[in-house]
There are 2 protein chains.
Amino acid sequence: MTGPAPIRKERNDRLDVTRPRALPGRQMLTASVYEAIKEQIMDLELAPGTRVNMDQLARDLEVSTTPVRESLARLESEGLVTRRSLQGYTVTAQPDWSDLHELFTLRRLLEPEAAREAAREPGDDLVSSLRSTLDDMAEPSSAVPEEQYRRHRTFVEADSVFHDAIAAASGNRLLRRTLAGMHSHVLLYRLYFEAGVSPERSATAEEHRAILAAIVDRQPEVAATAMRDHVERSHERVLGRTSALRPT
Amino acid sequence: MTGPAPIRKERNDRLDVTRPRALPGRQMLTASVYEAIKEQIMDLELAPGTRVNMDQLARDLEVSTTPVRESLARLESEGLVTRRSLQGYTVTAQPDWSDLHELFTLRRLLEPEAAREAAREPGDDLVSSLRSTLDDMAEPSSAVPEEQYRRHRTFVEADSVFHDAIAAASGNRLLRRTLAGMHSHVLLYRLYFEAGVSPERSATAEEHRAILAAIVDRQPEVAATAMRDHVERSHERVLGRTSALRPT
DNA sequence: CGAGGATATATCGTGTAGGATCGATGGTAG
DNA sequence: CTACCATCGATCCTACACGATATATCCTCG
């Protein structure tokens, strides 16, 4: 990796122009820090189980501790880190069989509804965005081992975008927020990465295609069923690939 | 109200005894502040739409701004407050028709599953705890208007405990956390309170009784159906009582 | 008299410093 | 070798400071 990747933008970026005022409201620093920490957790720079040093993080990101505190507080409420009374934060441990079961149970309950609603009147932007994720997931011809990392990453990213796009298109903001808050792609990415295996790209892409087809055809029930199948098969695939877990 | 109710516990509560050490880890100040703010939001001391002044809150609770910041960050990720770039925090506005629809859609998807799992092998503690909430919801003979407030409050509290107990008994921690994170009782309490009406206690209690009966009988599917009915009827009741909302 | 702009205040965002407390490591005495 | 104690490190909490911004007030001009 190329160092901790500081966030800090240059200080004197404010010109003498009276009012540049391009963006409506400048984005909060806390938001950047939040994304950066989530990134580090996803990339296993902050491995599961390790303790998170707030000051260290603040130094690395070249910000003060305040936005780090706020980000960690939010990450804790989302379950990515755990806080113990006077022991600081620790990255949530790798999910075990039970955790995965819970995660996929919720996804199986929620995502078909998202697909159903999204298929009622899908916008062109949704369809094109879903199509582009399918392109991103396309299997490259061959890759040297060091490229595996990036390929795996883009695959997970595309998968995440696919599901989030459908959730967004459902029109149900709470549903989308809830699904996003589970951070399933973060958990699964870490899990796959630790297990050293890649997900079955072709099967996933095939199921995504089926969902997309149902959405394009505006068949809500078909889309819901396809999504349910997809989530269930994903669950099975994850269990099959990470058999370091006891079934109850 | 009786003033802002400071949180601060006495400072010199540590005795000379070598190791009192009763509680494993003393509870974090942030946790108390979080609960206090949530309480104020629920009680409409912080009304929907009002801006939240961090310094003011810190002064009222007699703590510094840091735990207030952390609590607000968490509350924001849970949707109870909203943060805008340089405008501070605002209490999330009263839910409109669309928000309620989203909320009950998710509850309809999730809570039947919780009831189903809870009914598989319910513990005695679950049953007794559910029974006690039914007692708390029992209709008092009569009440002076100023008592209405407290009765309404205990009713909502009992309802919340009932649903959370089932979610907890489902064994699915993520499911429980997700349901709790919606803060539906906070939203509904505020909504009822503003509308100046009370929920239909008897109907709610009756449906709760049906759910409890199914759980006691260990009939998961019956429990799930009863829960689904309950959520759907609750939705209808809320819509009927707060018709300041347009259906799309 | 009304509208537009400039000033002023309160508040937010962020950063830094320091005191207090808890856990841990290492040394010393028995 | 074991038990106790002291120092050290880390973290939590608090307090304060500075720059930036939004809202409100007031003034000027048409």
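Here is how names work: the chains are called A, B, and so on, in the same order as the sequence lines, proteins then strands, and each is numbered from 1. Computed from a prediction, not measured in an experiment: that's the story for all the values here.
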Could you check whether [X] gets within reach of a base, just the sugar-phosphate, or nothing at all, counting any heavy atom under 4.0 Å?
X: T30(A); value: sugar-phosphate
X: R69(B); value: base
X: V68(B); value: nothing

Counting side-chain heavy atoms from CB outward, which of [options] is closest to [X]?
X: P67(B); options: dC12(C), dC13(D), dT14(D); answer: dT14(D)
X: R83(B); options: dT14(D), dG13(C), dG15(C); answer: dG13(C)
X: D55(A); options: dT16(C), dT23(D), dT11(D); answer: dT11(D)

Rounded to whole Å, how long is the line connecting atom [atom1] of [X] with atom [atom2] of [N]?
X: Y34(A); N: dT14(C); atom1: OH; atom2: P; result: 16 Å
X: E70(A); N: dG15(C); atom1: CD; atom2: P; result: 11 Å
X: M54(A); N: dA17(C); atom1: CE; atom2: P; result: 15 Å
X: R59(A); N: dG15(C); atom1: CZ; atom2: P; result: 15 Å

- Task: Decide, yes or no, whether a salt bridge links E76(A) with R74(B) under the criterion of side-chain N to carboxylate O below 4.0 Å.
- Result: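 Answer for the salt bridge query: no.
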- Partners meeting salt bridge (charged side-chain N to carboxylate O under 4.0 Å, His left out) with R69(A) (sequence neighbours left out):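 So R69(A) forms a salt bridge (charged side-chain N to carboxylate O under 4.0 Å, His left out) with E70(B).
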- What residues, two or more places apart in sequence or in another chain, satisfy salt bridge (charged side-chain N to carboxylate O under 4.0 Å, His left out) together with R176(B)?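 Scan of R176(B) (salt bridge (charged side-chain N to carboxylate O under 4.0 Å, His left out), adjacent residues dropped) gives D164(B).
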- Task: Specify the residue among R51(B) and T65(B) whose closest nucleotide of DNA chain D lies further upstream toward the 5′ end.
- Result: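 In this pair, the answer is T65(B).
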- Message: Let me spell it out: for each of T66(A) and R84(B), pick the nucleotide of DNA chain D with the closest heavy atom. Which residue's pick is nearer the 5' end?
- Response: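 The residue whose closest nucleotide sits nearer the 5' end is T66(A).
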- Message: Could you tell me if R153(A) sits above the aromatic ring of Y189(A), with its cationic atom closer than 6.0 Å to the ring centre and no more than 45 degrees from the axis?
- Response: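 Because its charged atom sits under 6.0 Å from the ring centre and within 45° of the axis, R153(A) does stack over Y189(A).
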- Query: So W97(B) and H101(B), would you call those rings parallel, tilted or perpendicular, with 30° and 60° as cut-offs?
  - Reply: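 Parallel, since the angle between the ring planes stays under 30°.
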- Would you please confirm or rule out a distance under 4.0 Å between OP1 or OP2 of dT11(D) and any side-chain N or O of Q56(A)?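 Checking dT11(D) against Q56(A), no side-chain N or O comes under 4.0 Å of OP1 or OP2.
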- Message: Can you see if the side chain of N53(A) gets near the phosphate of dA10(D) - specifically, an N or O under 4.0 Å from OP1 or OP2?
- Response: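 Indeed not, no polar side-chain atom of N53(A) lies that close.
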